[in-house]
Amino acid sequence: MSTPAPTSPPSDAIVRQKSRTGVYVAVAIVIVLVLVIAGFSAGWFKGSSPGGGSPGVCQPPSGTYIEGAGSSLVFPLMYQWETVYGGGTAVNYASVGSSSGITDISAKTVAYGASDAPLDAAQRQTATGLLTIPESAGGVVPIYNLPGVGALDFNGTVLANIYLGTITQWNDPALVALNPKASLPDQPIQVVWRSDGSGTSFIWTSYLSLESPTWAQNVGKGTEVNWPVGTGQAKNAGVSAYVGETPYTIGYVDLNYALTDAIQYGSVENPSGTFVLANVTNTATALTDAHLTLPTAGGDWYNVSALNSPGSGDYPITSLTYVLVYQNLSGAYGSSMGMTDAQGLVDFLYWAVTTGQSYSTQLFYVPLPGYIVTADEASIGSITYNGASVPNSCGASV
Amino acid sequence: LRCVGLTAGRSRGSGGGDSPIPAVTDSEAGTTGTAPSLRRSPGRRPIPDLLFFGLVTLGALVLLVLIFSIVIILASQSELSFRTYGLGYLVGTRWIVPTSASPFQVYGAVPFIVGTLLTSGIALLLGLPLALGSAIFVATQAPNFLRGTLGTAVELLAAIPSVVYGFWGIYVVVPLMRTTVDPALKQYLGWTGAFGGPVTGDGVLTSGIILAIMIVPTISAVSRETLFAVPASQREAALSLGATSWETTRIASLPYARVGIFGAIVLGLGRALGETMAVTMTIGNRDAIPTSLLSQGQTISSLIANELTSNSGPLQYSAVVEAGLILLLISLLVNVAARLLLWRVSGGRRVVLAQ
């Protein structure tokens, strides 16, 4: 009674059968792993050229592979670029957020970074020799989810007070005053912000700092701030998905995300007192009217701002977004940055700020004005590899 | 009747391990005691055997090296935070990043330790009954045709990537919580103080519920296998003595499978503690101690996901890494506590037997 009988034959058979299946599975896994490892080392998954480039475009060495990471604001445009860019160069951009992009390029784990927030003083010290090259611009818009309520008007003060938590209800008198015709519900506002370090947050908090002294003193601007109220979501896509799905929320994303995800976004009052609903035209005029004084590519871009542009029809929350790349490319991407890779990178950047700009409008980004493109061309022209300059192979004018 | 269960528990204990053929009797255990000397005849090992020995040893060693290198990296990368705050980091309740408004920064781990323990606790509380129930049903009660189907269904749950759980959370659970569950909890259990604050749909409770669903397959699948491994003779013995179905499960199956089930719970808890994506998408990512189960918070894993690479400087970075070290420590403590508990439970039984 105290000793259990040995395992009965049927269950023994099951065990044996099971263990044999286990062996098959294990063998299959090992084979797959070996194939994958072999594939990586043999370069099967790398650099398959996405269709030859059209004639008259860049002629970089084929088979180069460029990895970039950063801003989720500019990701849709980057994705378009990497899809259409030919020239035998595969570009792979990861939308990890601006702060992570800066971290990655500082650690030299990517060939280029992208950020909507310029490098601050500390970051410039950590990663010396980084060039700041504006590659596009866009508008950041307040998105909201109010069932049955149409277009809303906001101004900087009201947006700041919502994000400060001093305006807590959708039918707050300040909101009603701006939107006398809208039937605003008696519901609490759920504020949504970016939980990761974000260039979009930088643009948003910079704008709120300009508009509200209380915000500037208590919260300030940054890729990550100490949000007084609300819920955090990761990346533009996360904020967009959350607001799109959750009634009575308010958030902020790049114009592209609001339009492609079909989320209601509000007009914002500009310094001329006009309420402007962001679109490709009024963000473009905002960038032109800002008449930016551009620093040198290696200089301090922290205070370059196209916010609150003076034109009467300009959208007030418009900002440049930047590519970050080392001026000296030797050793800039660990040991894997060879001369051909440097050439491929330079060509891609040159193509992006010139030909690539034609893809901006369809994706609701602002094509760079001529004077910024000229400055970019000079910046890209200053890139070197092993002491020698790396001229682009795209021809003088594109 | 009691004797059957007790002996089962004991022989299981002496058999050790999770071998599918655990019915090692005391006498057999005695003979296996001499077996190693037979196996270890020196110099006469065939080559396949040596190869096998080498491979498995290598596997074990690589694992050890991995664990140690992770600990060393975490420790060295969190040095700055440790030097700045010392043990104060463990009791610090504020997490403030520097901005243009104020360069002041301070980092404390309490909000995230609380967030982690709360969400995992909720997950275990809600998930364990579900997981054990389904495991016991499949292993002992289900008709044959249901066994395979149910088992596969549970394993399918385990195969769903956590980001999918996160999306499901945002699109299904969060709206359900906001419109139905949270208001009801507030209305009927608001007096407890655990369900205060604004109703938003996301937060600690929502993440806990999603985690509960995520750990069910882990706990259920492993428990089920252990229950399957209970020899039929155990259950037959109980049945022959007139035990009902429930009694048989209680006195024959469960005690026998105790160690395995415990292991399953620890595995599940481990998954809950470390889960990142689904939590990040539903907890609200606020760097503050949750004021109620409905309020937003942050777990250590979601903190790392949000702020490891996107930080405002070296001090914040090392503070985030130190949080990772704490998570490792929590997992270790959970494991040790589980083992102690298990040891005490089986120890207690031995004492009873000795009397």
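Owing to the predicted nature of the structure, the values given are computational and were not obtained by experimental measurement.
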*Answer yes when B/Glu155 and B/Arg224 have at least one side-chain N-carboxylate O distance shorter than 4.0 Å, and no when they do not.*
yes
*Tell me, for A/Asn218 versus chain B, whether the close heavy atoms (under 4.5 Å) come from the side chain, the backbone, both or neither.*
backbone
*asked:* Using heavy-atom distances under 4.5 Å, tell me whether B/Asp287 contacts chain A through its side chain, its backbone, both, or neither.
replied: side chain
_Greater than 12 external heavy atoms within 6.0 Å of B/Phe167's CZ_ = no
*Quick one: pull up OH in A/Tyr257 and OG in A/Ser72 and give me the separation to the nearest 0.5 Å.*
5.0 Å
*Against chain A, label B/Arg178 side chain, backbone, both or neither, depending on which of its atoms sit under 4.5 Å from a heavy atom there.*
side chain
_Residue part contacting chain B, namely of A/Val219, when any heavy atom lies under 4.5 Å_ = backbone
*Per-residue contact mode, B/Gln298 against chain A (heavy atom under 4.5 angstrom)*: neither
*asked:* Which atoms of B/Val174 are under 4.5 Å from chain A, going by heavy atoms: the side chain, the backbone, both sets, or neither?
replied: side chain
_Pick from B/Thr282, B/Asp202, B/Ile170 with the largest number of heavy-atom pairs that fall under 4.5 Å of chain A_ = B/Asp202
*Which of A/Gly230, A/Gly97, A/Ala234 touches chain B most, by non-hydrogen pairs under 4.5 Å*: A/Gly230
*Angle class for the B/Phe112/B/Trp95 ring planes (parallel below 30°, perpendicular above 60°, tilted otherwise)?*
perpendicular
*asked:* Restricting to non-hydrogen atoms, name the atom on A/Asp116 and the atom on A/Phe202 that form the minimum distance, rounded to 0.1 Å.
replied: O-CD2, 4.3 Å
*B/Thr200 portion near chain A, given a 4.5 angstrom heavy-atom threshold*: both
*Against chain A, label B/Pro98 side chain, backbone, both or neither, depending on which of its atoms sit under 4.5 Å from a heavy atom there.*
backbone
*Report yes if the distance between the aromatic ring centroids of B/Tyr107 and B/Tyr317 is under 6.0 Å, otherwise no.*
no
_Expected output: side-chain B/Thr226 to main-chain B/Val222 donor-acceptor under 3.5 Å_ = yes
*Give me the one residue out of A/Thr231, A/Thr246, A/Thr249, A/Thr168 that meets side-chain hydrogen bond (donor to acceptor under 3.5 Å, both in side chains) with A/Gln190.*
A/Thr231
*What class does the angle between the rings of A/Tyr93 and A/Phe75 fall in, given that below 30° is parallel, 30 to 60° is tilted and above 60° is perpendicular?*
parallel
*Checking A/Ala216 against chain B: side chain, backbone, both or neither under 4.5 Å from a heavy atom?*
backbone
_As an exercise: rank A/Ser198, A/Gly244, A/Gly197 by heavy-atom pairs under 4.5 Å with chain B and give me the winner._
A/Gly197
*asked:* If we define contacts as heavy-atom pairs under 4.5 Å, which of A/Gln233, A/Arg194, A/Gln217, A/Gln123 has the most with chain B?
replied: A/Gln233
*Picking from A/Thr205, A/Asp196, A/Asn226, which has the most non-hydrogen pairs under 4.5 angstrom with chain B?*
A/Asn226
*Largest heavy-atom contact set with chain A, pairs under 4.5 Å, which of B/Gly284, B/Ser302, B/Pro175*: B/Gly284
*Less than 6.0 Å separating the ring centroids of A/Trp193 and A/Tyr252?*
no
